[in-house]
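Note on naming: letters A, B, ... go to the chains in the order of the sequence lines (proteins, then strands), and numbering restarts at 1 for each one. Source: prediction; values computed, not measured.
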Protein chains: 2
Amino acid sequence: MNIGEAARRSGLPAKTLRYYEDIGLIVPSGRKHNGYRDYSDRDVRLLRFVQRARSLGFSVRQCRELLDLYLDHGRTSADVKRIALERIAEIERKIRELETMKAELAHLAEKCHGDERPDCPILEDLAAFDPAAAEERELV
Amino acid sequence: MNIGEAARRSGLPAKTLRYYEDIGLIVPSGRKHNGYRDYSDRDVRLLRFVQRARSLGFSVRQCRELLDLYLDHGRTSADVKRIALERIAEIERKIRELETMKAELAHLAEKCHGDERPDCPILEDLAAFDPAAAEERELV
DNA sequence: CCTTGACCTTCCGGTAACTGGAAGCTCCAC
DNA sequence: GTGGAGCTTCCAGTTACCGGAAGGTCAAGG
């Protein structure tokens, strides 16, 4: 099938399919006489696999690993689980980071009147930032 | 002062200071006779301001807005607060997205034995992904 | 038979916010 | 005067694509 149909069936833009071919992630089975890419049903299954993995936040590199495991019948589920747990840990780190930012911002926003006057605790906080002190807090 | 000293005092790499000059975010007050960048204490204060704002996850574009407000004594705190609240909303969106990913992954990882056998619910989930059905779920 | 429009091709540039590195100049201490 | 640290500019690479230009292909309709 043509790239457009493969795009529709996989839920990915045609541009992305070309990109995945470029980087060697998923290369269509062949080309038609006219030079058009020819995707097989299997190709579409792999594309969907990657689409789902990407939607869970796996990087393209990780998708490649997962795809390799998927296609390797000698894999162990332990290998797959390890990647998933790493991804979970990564997500948790990111969430903690965002929660910290949110708490600091919320604290500042709360103190800000948000009126027509120029005085603003948010700007004052930004302006008072001392990297040396911040580093010490991090070391504690 | 030289770029190295300004970097130390602001907590940013020298490379970043050059980058900020390139994009016109913070341009050092002048140059010395030898062509070296010359940062003033005020420049360092602005660099710290940006460093702190970046650490709260503001984009460089948003940093520019905040910096403009900081330097505009005719600003209103309402403008600043609006930017902060937008950033908070953005953070909350991102956290929700990550929480969803984490929940799905955790669910899959839990079902996976993680042993030496190849059978793996994680890979099965990825392989069974149906973009049409996923889209319908989204529309609900 | 020709045209029109949808679809396909490749290639190039841009995104955000830097980071790394090469080639070359400057300054200071020994 | 020599060595090393620090400075300069410029170019390329990172991630995962997206937008667009220039041009080939195909099927349907007049």
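- Note on B:Glu104 versus A:Arg52: salt bridge recorded, some NZ/NE/NH1/NH2 to OD/OE distance being below 4.0 Å.
- Taking side-chain N and O atoms only, B:Arg37 has no distance below 4.0 Å to OP1 or OP2 of C:dT26.
- The separation between A:Leu25 atom CG and D:dA16 atom C1' is 11 Å, rounded to whole Å.
- In the set C:dG21, C:dT19, C:dT9, C:dT19 carries the atom at the smallest distance from any side-chain atom of B:Pro13.
- Closest-nucleotide positions on DNA chain D for A:Asn34 and A:Tyr20 were compared, and the one nearer the 5' end corresponds to A:Tyr20.
- For D:dA16, the OP1/OP2 oxygens have no side-chain nitrogen or oxygen of A:Arg64 closer than 4.0 Å.
- We find that OH of A:Tyr19 is positioned 18 Å from P of C:dT9, with the value rounded to whole Å.
- The listed nucleotides are C:dA17, D:dC7, D:dA16; the one nearest the side chain of B:Arg54 is C:dA17.
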Show your reasoning for whether side-chain contact (heavy atoms from CB on, under 4.5 Å) applies to A:Arg87 and A:Leu56. CA-CA 9 Å; A:Arg87 174 69 193 137; A:Leu56 289 172; 5.8 Å; no

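- Between B:Asp22 atom CG and C:dC18 atom P there is a gap of 12 Å when expressed in whole angstrom units.
- For D:dA16, neither phosphate oxygen OP1 nor OP2 lies less than 4.0 angstrom from any side-chain nitrogen or oxygen of A:Thr16.
- A:Leu56 has its CG atom 17 Å from the C1' atom of D:dA16, to the nearest Å.
- Distance CG/B:Leu98 to NZ/A:Lys94: 8.0 Å, rounded to 0.5 Å.
- Residue B:His33 places its side chain closer to C:dC27 than to any other of C:dC11, D:dA16, C:dC27.
- Between C:dC18, C:dT9, D:dT8, one nucleotide has an atom nearer to the side chain of B:Tyr36 than all others, and that is D:dT8.
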Checking A:Ser29 against A:Arg42 for the side-chain contact (heavy atoms from CB on, under 4.5 Å) test, could you report, in this order, the C-alpha distance in whole Å, the side-chain angles of both residues, the deciding distance, and whether it holds? CA-CA 9 Å; A:Ser29 321; A:Arg42 174 176 181 276; over 6 Å; no

Please step through side-chain contact (heavy atoms from CB on, under 4.5 Å) for the pair A:Asp119 and B:Ser77, ending with a clear verdict. CA-CA 6 Å; A:Asp119 317 270; B:Ser77 64; over 6 Å; no

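- Between the NZ atom of A:Lys15 and the P atom of C:dC7 there is a distance of 16 Å, rounded to whole Å.
- Atom C1' of nucleotide D:dT9 and atom CZ of B:Arg31 are separated by 10 Å, given to the nearest angstrom.
- Using a 4.0 Å cut-off between charged side-chain N and carboxylate O, B:Arg96 and B:Glu99 make no salt bridge.
- Looking at A:Arg48, its side chain does come within 3.5 Å of a backbone N or O of A:Arg9 through a donor-acceptor pair.
- Rounded to whole Å, atom P of C:dT19 lies 12 Å from atom CD1 of B:Ile23.
- Look at CD1 on B:Ile26: it is 14 Å from P on C:dA17, rounded to the nearest Å.
- Looking at heavy-atom distances under 4.0 Å, B:Ile3 makes contact with sugar-phosphate atoms alone, never a base.
- Overall bending of the helix from C:dC1-D:dG30 to C:dC30-D:dG1, expressed as the angle between end axes built from five pairs apiece, is 30° (10° steps).
- Remark: side-chain polar atoms of B:Gln62 are paired, donor with acceptor, to backbone N or O of B:Ser59 under 3.5 angstrom.
- In this structure, of D:dT9, D:dC17, D:dG20, it is D:dT9 that holds the atom nearest to the side chain of B:Arg18.
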